[in-house]
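Worksheet for the structure shown next.
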Amino acid sequence: MKIIFYSINSCLLLILTFNFFIVNAQPSISPADKWLSLINNSSQEELSLAPDGERVMVLHQVGYPSISSLAEPRVSLAGLEFYQKVASQVNVRQYSHIELLEKDNTSRVIHPKNGVILDYNWAPDSESIALIIQDDTNITLWLYDIELQQLKQLSPLSLSARIGGRYLRWLPDASALIVKSTCKHTFKGTEQALKQAQIESTQLQKSQGRTYKHLLTTIRKRQQFQNLTSSQLVKIDLQGNEKLFGSVEMVEHFAISPDGNYLLVESLPEKLSPYIPYKKWGRQYQIVDLNHGNSIYQLPDLANKINLAKAKDSVPLGARGVHWLPFKAATIAWVEPTNKGVLSQQSAVNDIIYELASPFNKDKTVLLKVNWRYYDINWSRSGTAILQEWRYSDKQAKTHLLKYGEAQHTKLLSQRNYKDKYADIGDPMLRRTATGNLLLVENNNLDVFFRANGQTKTNIAPYIDAYNIKFVSKKRLFTSKRDMLEMPLELSESNVFVRRESANSPPSYLKLSGENFSKESLLYQRGESNELRTNSQVIKYQRSDGINLQGLLHLPAQANINKDKKIPAVLWIYPREFKNKKLSQQTTITQNKFINLDPSGPLPFLLDGIAVFEATAMPIISEQGEPNDNFIEQLVMNAQATVKALEETGMIDINRLAIMGHSYGAFSVVNLLAHTDLFQAGIAKSGAYNRTLTPFGFQGERRDLWQAKDNYLAMSPFLYADKIDEPLLLIHGENDLNSGTFPMQSRRMYQALVANKKTAKLIMLPYEGHSYRAKESLHLVLKQQSDWLRLWLSR
């Protein structure tokens with residue numbers, strides 16, 4: 001094989017040149033460029049139903065921003081990335097505009113003149129919509145009046161969207177909103193400060209979790225994080241009058257009581273841990289009196305997720321799952337563990353749900369006792385609840401239907417292995433209220449509803465089931481039509497709102513009404529076509545030990561034109577671990593889904609005349625020991641069986657096969673190149689290749705390096721770089737904060753290949769994280785991948 005040598009210096013030169021162009025004079029991309037067209041035509045929407053069920057919003061997400069927006073000055077702290085110029089996160093979801101659909105099927109567009117929408121919330125009376133809009137330097141509150149068809153800024157106050165997922169709440173009477181304002185003492189990142197000694201102690205840190213980047217290891221970093229995320233709650237009425245209340249806190253979430261008199265505030269702990277990232281910190285909960293602005297009750301602080309037992313169902317001490325009861329004026333409920341947070345199979349109760357009513361001056365009382373580990377509870381306005389609990393040791397999950405105050409009448413709806421897709425009854429249908437609380441959807445008959453994917457051995461057929469606690473009954477309310485994928489999104493008293501697609505038609509949004517929901521009203525239709533829609537087929541096969549596998553083979557248009565000529569193919573893989581042989585063979589394929597040429601996935605290769613085999617079953621199974629004890633052996637068996645199945649189709653040239661994956665899939669790609677000769681080239685994106693650099697566990701591996709040293713070494717393709725004889729394209733985002741896939745992993749893998757005189761190419765994408773977001777980055781990746789496979793599969 002001819003060796004093409006890419007030196008480290010030349011690769012760095014490529015990266016630096018790319019940086020220069022994107023920041024100073026964005027690279028010229030032809031409007032006729034097929035990759036640019038693909039990126040521009042990729043879109044996603046969300047549906048939001050008004051409280052009265054009459055109007056619908058279709059929110060259009062910002063697909064792929066320009067790289068200049070990602071290049072704005074930022075700071076990475078504790079697993080989060082903050083912009084410095086504006087008080088938001090780099091990865092916060094953004095919407096470009098809203099289509100408001102009226103009950104008479106007319107529509108209008110709500111489009112900010114400047115900036116993007118970060119959050120939205122219907123008013124309780126459904127007559128207006130509050131929006132949080134971010135421009136280049138500021139985040140402010142806006143109001144859209146539906147009758148006047150007018151969007152106006154409600155207040156010039158600078159708001160914070162740095163932590164938390166939702167940033168505004170209405171009072172129940174629609175007279176005002178609660179938002180988070182920024183604080184004046186913003187940290188100056190350019191200031192110099194004397195370094196201080198760092199002291200760590202095993203007396204404080206009893207155990208080591210997985211490795212993370214940008215931890216708050218210095219006093220300065222902790223102060224910087226606190227300054228950036230601190231905010232103060234403020235009430236803004238419809239005339240723009242402002243009233244600050246509470247104190248300056250690192251406020252994450254907040255929700256208003258049903259009677260509008262109190263506010264539940266969730267904040268980060270005052271003492272920020274240097275050992276773990278933001279998502280593993282504890283939380284503080286307090287009740288604030290909205291009439292007087294002061295804190296009147298403090299719930300038990302939730303401890304940090306550190307020094308926990310290894311089991312995934314171990315939890316820290318303190319309050320979790322804090323929420324308002326929607327059928328009470330102002331009653332708070334929360335969960336606390338027994339047995340010091342370690343789930344004990346000998347104990348009949350491992351979690352207790354408590355409640356406390358206003359004015360919060362009495363002792364808490366027990367609302368419910370939970371046998372296993374509490375997962376979630378959701379309530380309706382009438383007091384019906386869905387309780388979900390789980391146990392990690394045998395992967396069991398239970399779902400209960402119950403009524404407040406009648407725990408003895410609790411009905412078990414389901415108990416299953418939570419990896420059993422066929423037995424999954426789905427999740428309760430919920431609606432977020434204007435005050436910020438999640439509520440079970442409930443009709444006049446007091447039915448509550450579950451939405452399920454409806455996975456079967458042959459396909460997916462989503463459905464809605466109605467449950468009634470009074471009659472302890474279940475009724476199938478809606479089922480997706482045959483040969484279509486109709487996913488229920490929202491449910492009102494007489495309508496079901498669905499997202500419909502099929503192999504031949506792109507997604508559309510419809511309102512279904514009338515008897516058996518047979519009357520259809522089109523709400524929104526995506527304007528895209530797909531010439532490849534009929535060229536997919538399910539391939540079922542077995543690996544050498546008898547395990548049943550399956551995948552979805554997509555054929556390019558050329559396959560129909562030149563039916564007698566075999567074509568090259570690329571495999572897209574992502575292995576999964578199983579402790580149950582039967583469950584590992586359940587199908588995950590959706591044949592009735594529209595083929596979307598996602599720029600981040602493998603399907604764009606179809607435009608180059610290359611077939612794609614995706615949804616490839618790569619199970620790693622061990623019913624007795626640990627799955628990774630035989631990882632390489634089973635990975636190779638999966639690949640061998642897949643290649644044999646593709647050959648037996650008579651359409652694929654197995655001498656021109658490539659393999660591709662992202663994250664754990666990328667790691668598996670490099671392992672297959674190291675341990676087989678089945679493929680002619682590989683593409684690995686955002687992967688980890690040296691498991692000694694993830695010594696405290698990874699993916700489904702719960703053991704650390706010292707407990708399973710042989711496995712860590714055997715599973716590290718970095719140590720087998722000398723065995724890789726196929727060209728390998730490595731791609732990674734320079735700002736990847738994902739635990740275990742640090743950018744250094746790809747750099748070191750590339751350097752190992754260079755040292756062993758192998759054929760490789762490394763692309764490091766500036767400003768990008770674990771997944772790639774910028775239009776320019778995606779364009780570069782699509783072109784480089786295309787060139788790579790055309791070069792190595794054309795031989």
Side-chain angles (χ1 to χ4, degrees), residues 1-16 210-211 213 573 575 628 631-633 635-636 639 658-699 701 705 708-736 738-766 768 770 781 784-785 787-789 791-792:
M1 179 183 287
K2 181 180 178 182
I3 301 294
I4 298 180
F5 183 77
Y6 294 86
S7 73
I8 300 174
N9 290 335
S10 65
C11 184
L12 291 177
L13 179 61
L14 168 68
I15 298 166
L16 291 173
R210 297 185 179 183
T211 15
K213 291 184 68 175
I573 67 169
N628 285 339
F631 179 84
I632 298 299
E633 177 186 352
L635 185 69
V636 170
I659 190 161
M660 177 184 183
H662 178 265
S663 194
Y664 203 60
F667 153 77
S668 303
V669 163
V670 183
N671 261 315
L672 282 173
L673 295 183
H675 297 288
T676 74
D677 292 311
L678 297 170
F679 307 99
Q680 284 62 57
I683 300 175
K685 303 162 69 174
S686 301
Y689 313 107
N690 185 345
R691 285 302 167 199
T692 68
L693 300 180
T694 57
F696 309 111
F698 57 89
Q699 201 71 4
E701 181 58 72
L705 170 64
K709 188 178 297 184
D710 291 344
N711 293 79
Y712 274 70
L713 297 178
M715 293 175 67
S716 296
F718 177 82
L719 301 180
Y720 298 89
D722 60 324
K723 306 296 183 184
I724 297 175
D725 296 324
E726 297 79 21
L728 176 59
L729 172 61
L730 294 159
I731 305 172
H732 217 121
E734 288 185 346
N735 282 44
D736 189 347
N738 186 56
S739 171
T741 57
F742 297 162
M744 178 180 66
Q745 289 271 6
S746 288
R747 291 188 183 277
R748 292 292 183 263
M749 189 69 228
Y750 172 75
Q751 290 164 352
L753 293 168
V754 170
N756 285 280
K757 302 295 187 289
K758 303 299 181 180
T759 304
K761 191 173 188 178
L762 172 66
I763 300 174
M764 300 299 294
L765 299 170
E768 297 290 359
H770 191 57
V781 167
Q784 289 283 337
Q785 291 177 162
D787 292 346
W788 190 254
L789 291 197
L791 172 63
W792 297 110

[Y] side chain reached by [X] side chain, heavy atoms, under 4.5 Å:
| X | Y | answer |
| --- | --- | --- |
| D677 | E726 | yes |
| P717 | L673 | no |
| E768 | V781 | no |
| L729 | L789 | no |

Inter-residue atom distance [X].[atom1] - [Y].[atom2], 0.5 Å rounding:
| X | Y | atom1 | atom2 | answer |
| --- | --- | --- | --- | --- |
| E734 | L765 | CD | CG | 7.5 Å |
| N738 | S686 | CG | OG | 8.5 Å |
| I632 | N671 | CD1 | CG | 3.5 Å |
| L705 | T692 | CG | OG1 | 7.0 Å |
| L753 | Y750 | CG | OH | 9.0 Å |
| L672 | F679 | CG | CZ | 5.5 Å |

query = Are M660 and Q785 close enough, and set up right, to give a side chain to side chain contact (heavy atoms under 4.5 Å, CB included), and what steps lead you there?
reply = CA-CA 10 Å; M660 177 184 183; Q785 291 177 162; 3.3 Å; yes
query = If every non-hydrogen atom of T741 is compared with every non-hydrogen atom of S663, which pair is closest and at what distance?
reply = CG2-OG, 4.2 Å
request  = Please report the shortest heavy-atom distance between G682 and W788, naming the atom on each side.
outcome  = O-NE1, 3.3 Å
Pair L728-K758, side chain to side chain contact (heavy atoms under 4.5 Å, CB included): steps then yes or no = CA-CA 9 Å; L728 176 59; K758 303 299 181 180; over 6 Å; no
query = Can you say whether the rings of Y712 and F698 are parallel (under 30°), tilted (30 to 60°) or perpendicular (over 60°)?
reply = perpendicular
task = Starting from the C-alpha separation in whole Å, work towards a yes-or-no answer on side chain to side chain contact (heavy atoms under 4.5 Å, CB included) for R691 and L713.
result = CA-CA 7 Å; R691 285 302 167 199; L713 297 178; over 6 Å; no
ask   = Can a cation-pi geometry be assigned to R748 and F742, taking NZ or CZ under 6.0 Å from the six-membered ring centre and within 45° of the ring axis?
value = no
query = Under the 3.5 angstrom rule, does the side chain of H732 hit a backbone N or O of L762 as a donor-acceptor pair?
reply = no
inquiry  = Evaluate W792 against Q680 for side chain to side chain contact (heavy atoms under 4.5 Å, CB included), listing each step before the verdict.
reply    = CA-CA 7 Å; W792 297 110; Q680 284 62 57; 5.6 Å; no
